[in-house]
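For reference, the structure discussed in these notes is given below.
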Amino acid sequence: GAVVSQHPSWVICKSGTSVKIECRSLDFQATTMFWYRQFPKQSLMLMATSNEGSKATYEQGVEKDKFLINHASLTLSTLTVTSAHPEDSSFYICSASRAEYGYTFGSGTRLTVV
Amino acid sequence: LAKTTQPISMDSYEGQEVNITCSHNNIATNDYITWYQQFPSQGPRFIIQGYKTKVTNEVASLFIPADRKSSTLSLPRVSLSDTAVYYCLVGDRGDSSYKLIFGSGTRLLVRP
């Protein structure tokens with residue numbers, strides 16, 4: 001099956017620092033990956049679409065300079081939360097699509113900014 | 001905007017069958033219907049996917065009427081471990097760049 005690995009599973013950082021989250025497709029190539037954010041008791045909100053070899057496409061209201069996305073290879077996309085603040089604390093989830101398997105999600109990253 | 005509408009929450013008891021219905025009135029011809037399960041602090045996990053009529057796997061069944069404007073996820077004999085949020089999504093699985101937009105999901109609570 002299609003497996004998506006996300007790392008780290010949780011991270012605590014100080015306010016003002018940057019944090020990088022990795023999303024890897026382990027057994028398939030993903031030209032497109034997606035990044036979601038989820039606050040407690042809420043649904044997943046799509047942040048951006050990560051495209052291999054090109055710029056990410058951000059959803060309305062998502063600051064592209066704050067949430068840097070890099071999709072350097074067909075198996076890796078990274079999300080960097082720059083100058084993190086407590087309000088950025090959330091659960092971040094990535095996903096990738098493979099034609100015969102549909103969408104597979106990573107296990108998520110719990111970010112806490114203190 | 002999400003393309004689906006589901007009940008916000010449902011309660012059930014162990015051993016009962018649970019049916020969760022999802023409305024997707026504007027489903028497109030190429031769209032498939034997929035259901036995911038999510039536990040707290042985990043990513044969504046695939047349950048079942050279908051296009052029309054009925055699909056069954058080892059954990060659930062999916063019923064889709066002919067007009068495809070709704071679908072029903074059926075969980076037979078639920079257990080406490082089935083307490084989770086269930087999301088219904090529609091999308092073109094042939095297009096890897098298709099964006100999945102989540103609705104509110106249905107929070108299922110299974111009681112002893």
Side-chain angles (χ1 to χ4, degrees), chain A residues 1-10 21 23 25 28-52 54 56-60 62 71 74 90-112, chain B residues 1-9 20 22 24 27 30-51 55 57-60 62 71 73 83-109:
Chain A
V3 179
V4 173
S5 174
Q6 194 170 335
H7 180 80
S9 56
W10 61 270
I21 302 170
C23 180
S25 55
F28 67 102
Q29 294 182 332
T31 56
T32 305
M33 291 185 178
F34 305 89
W35 288 96
Y36 294 82
R37 181 168 54 181
Q38 186 176 33
F39 293 107
K41 303 292 187 183
Q42 294 186 24
S43 183
L44 285 76
M45 184 188 77
L46 180 64
M47 299 175 66
T49 302
S50 172
N51 305 297
E52 188 270 335
S54 65
T57 305
Y58 292 83
E59 295 299 304
Q60 190 173 9
V62 178
H71 197 149
L74 287 172
S90 188
F91 192 55
Y92 293 87
I93 306 168
C94 69
S95 77
S97 173
R98 185 180 182 187
E100 59 269 38
Y101 292 104
Y103 294 81
T104 303
F105 291 83
S107 55
T109 298
R110 172 76 57 195
L111 170 63
T112 302
Chain B
L1 290 177
K3 297 172 67 174
T4 61
T5 304
Q6 306 172 229
I8 295 295
S9 64
I20 306 174
C22 177
H24 27 81
I27 189 169
N30 291 336
D31 284 350
Y32 277 73
I33 301 156
T34 311
W35 285 79
Y36 290 88
Q37 176 192 55
Q38 186 183 29
F39 296 112
S41 297
Q42 294 186 27
R45 186 181 72 164
F46 174 90
I47 301 175
I48 197 167
Q49 183 180 76
Y51 185 81
V55 179
N57 61 22
E58 61 276 10
V59 297
L62 179 59
S71 60
L73 173 72
T83 293
V85 179
Y86 293 82
Y87 294 97
C88 160
L89 293 103
V90 297
D92 184 352
R93 72 174 190 183
D95 178 4
S96 63
S97 65
Y98 188 93
K99 299 187 291 186
L100 281 184
I101 305 299
F102 282 75
S104 62
T106 297
R107 192 172 297 274
L108 174 65
L109 174 62

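Below, chain A is the first sequence line, B the second, and so on; all start at residue 1.
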Turns out that what part of B:Thr34 lies under 4.5 Å from chain A's heavy atoms comes down to neither

Bottom line for B:Arg45: the part with an atom under 4.5 Å from chain A's heavy atoms is neither

Residues B:Tyr87 and A:Gln42: closest non-hydrogen pair is OH-O, 4.0 Å

For B:Gln38 and A:Phe91, the nearest pair of non-hydrogen atoms, with its separation, is NE2-CE2, 4.3 Å

The interface call for A:Leu44 against chain B, heavy-atom contacts under 4.5 Å, is both

If one checks every heavy atom of A:Gln6 against chain B at 4.5 Å, the contacting part turns out to be neither

Can you find a pair of side-chain heavy atoms, one from A:Leu46 and one from B:Leu100, that are under 4.5 Å apart?
no

(request) Check whether any side-chain heavy atom of A:Ser43 lies under 4.5 Å from a side-chain heavy atom of B:Val85, and answer yes or no. (result) no

query = Are the side chain of B:Tyr36 and the backbone N or O of A:Tyr103 linked by a donor-acceptor pair below 3.5 Å?
reply = yes

Output for pair (A:Lys41 NZ, B:Ser104 OG), nearest 0.5 Å, gives 14.0 Å

